[in-house]
Number of protein chains: 2
Amino acid sequence: MECREFQTQEHKKEMRAVQDSMDVLNGKWKIPVISSICYYNKRRFSDILNDVVGISNKMLSKELKELEINKLIKRTVLDTQPVTVQYELTEHGKTLQTIISNLTDWGIKHRKEIIGK
Amino acid sequence: MECREFQTQEHKKEMRAVQDSMDVLNGKWKIPVISSICYYNKRRFSDILNDVVGISNKMLSKELKELEINKLIKRTVLDTQPVTVQYELTEHGKTLQTIISNLTDWGIKHRKEIIGK
DNA sequence: CCGTATCCCCGGGGATACTG
DNA sequence: CAGTATCCCCGGGGATACGG
């Protein structure tokens, strides 16, 4: 792929678009949280808390809220006693899987590149 | 794409791989810096400083160092007076372009999704 | 169980000045 | 020009306790 396929005008718009994506994915926990929900399809708060090693409840709460605002996940309160809450990916959230897949592949390649072939 | 194509064992390895990628790309400035270098092919310190709006010299220095450690960019000191330094993407750095392209596309889609269709 | 509230600490990162 | 050094502030985020 050629760097120079960019046009000057386009370039700034593209940079902004990439940053938009990064804003959504940024932070230590976003990807692991998404990954946990995705893997189990539907997942409860306390289960994600266990899946994602090291995250605090405050952080998990915050991350989930942001992901919900960005319409990547859907939050459902189940009328049990005591209350349980399920999270799942939205259709839009599922479109992230291609990206996550790319990042996975690249991460593996990168690790080989750095540690040495 | 199916979430459930993951196997339990594989899942953790994949999560780690994604995190490896995110670590490399994380931070407010990594993508803009890469984007600047890529766009101009070769680029000097002070030029990048101008391209990436808002970055401080301390941060730029730090980000460039990290990118170099990760073998994404190549640093070349030119024997001019005064010294100038050029940065360019390595072959490995160029493999990021697919990812950046994906992130760009997704960012545009995402913006439409959030702001409303 | 699912969070929110409070306290508190540490380091990311800006502004500025200085060096080779 | 291309950084490094120093100072300093603010808020991200952990630990803990509490509320619905």
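A, B, ... follow the sequence lines: proteins, then strands. Residue 1 opens every chain.
Note on E91(B) versus K94(B): salt bridge recorded, some NZ/NE/NH1/NH2 to OD/OE distance being below 4.0 Å.
The side chain of F45(A) has dC2(C) as its nearest neighbour among dC2(C), dT4(C), dT4(D).
Taking every heavy atom of residues 66-81 of chain A and every atom of DNA chain D, no pair lies under 4.0 Å. If you check residues 46-53 of chain A against DNA chain C, the residues with a heavy atom closer than 4.0 Å are S46(A), listed by number.
Pairing each heavy atom of A17(A) with each of I108(B), the nearest pair is CB-CG1, 3.8 Å. The minimum heavy-atom distance linking I37(B) with E88(B) is given by the pair CG2-CA, 3.6 Å.
Residue T84(A) has no polar side-chain atom (N or O) positioned under 4.0 Å from OP1 or OP2 of dC2(C).
To the nearest 0.5 Å, the span separating CD1 on I114(A) from CG on N70(B) amounts to 5.0 Å.
Between its two ends, the helix from dC1(C)-dG20(D) to dG20(C)-dC1(D) turns its axis by 50°, counting five pairs per end and rounding to 10 degrees.
Between L64(B) atom CG and dC1(D) atom C1' the separation is 14 Å, expressed in whole Å. Remark: P of dC2(C) and OH of Y87(A) are 8 Å apart, rounded to the nearest angstrom. Residue K65(A) contributes atom NZ, which lies 15 Å from atom P of dC2(C) at whole-angstrom precision.
The stretch residues 72-81 of chain A participates, sequence neighbours left out, in no salt bridge (charged side-chain N to carboxylate O under 4.0 Å, His left out) pair at all. Applying the side-chain hydrogen bond (donor to acceptor under 3.5 Å, both in side chains) test to residues at least two apart or on different chains, the pairs with a partner in residues 45-59 of chain B are S36(B)-D51(B), R43(B)-D51(B), R44(B)-D47(B). Within the structure, the salt bridge (charged side-chain N to carboxylate O under 4.0 Å, His left out) test picks out the following pairs touching residues 16-40 of chain B (sequence neighbours left out): R111(A)-D20(B), K30(B)-E63(B), K30(B)-E66(B). Applying the ring pair (Phe, Tyr, Trp, His ring centres under 6.0 Å) definition to pairs two or more places apart or across chains, none involves residues 54-85 of chain B. The ring pair (Phe, Tyr, Trp, His ring centres under 6.0 Å) contacts involving residues 65-95 of chain B comprise W106(A)-H92(B), H110(A)-H92(B), where partners must be two or more places apart or lie in separate chains.
With sequence neighbours left out, the side-chain contact (heavy atoms from CB on, under 4.5 Å) criterion links K13(B) to E10(B). Among residues two or more places apart in sequence or in another chain, the side-chain contact (heavy atoms from CB on, under 4.5 Å) test is passed with N102(B) by I99(A), N102(A), T98(B). With sequence neighbours excluded, no residue forms a side chain to side chain donor-acceptor pair (under 3.5 Å) with T104(A).
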At under 4.0 Å between heavy atoms, how does the protein contact nucleotides 5-20 of chain D? Give one character per nucleotide, 5' to 3', with B, S or -.
-B------BBBBB---
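The same ILVMFWY cluster, assembled from side-chain heavy atoms under 4.5 Å apart, contains both V77(B) and I48(B).
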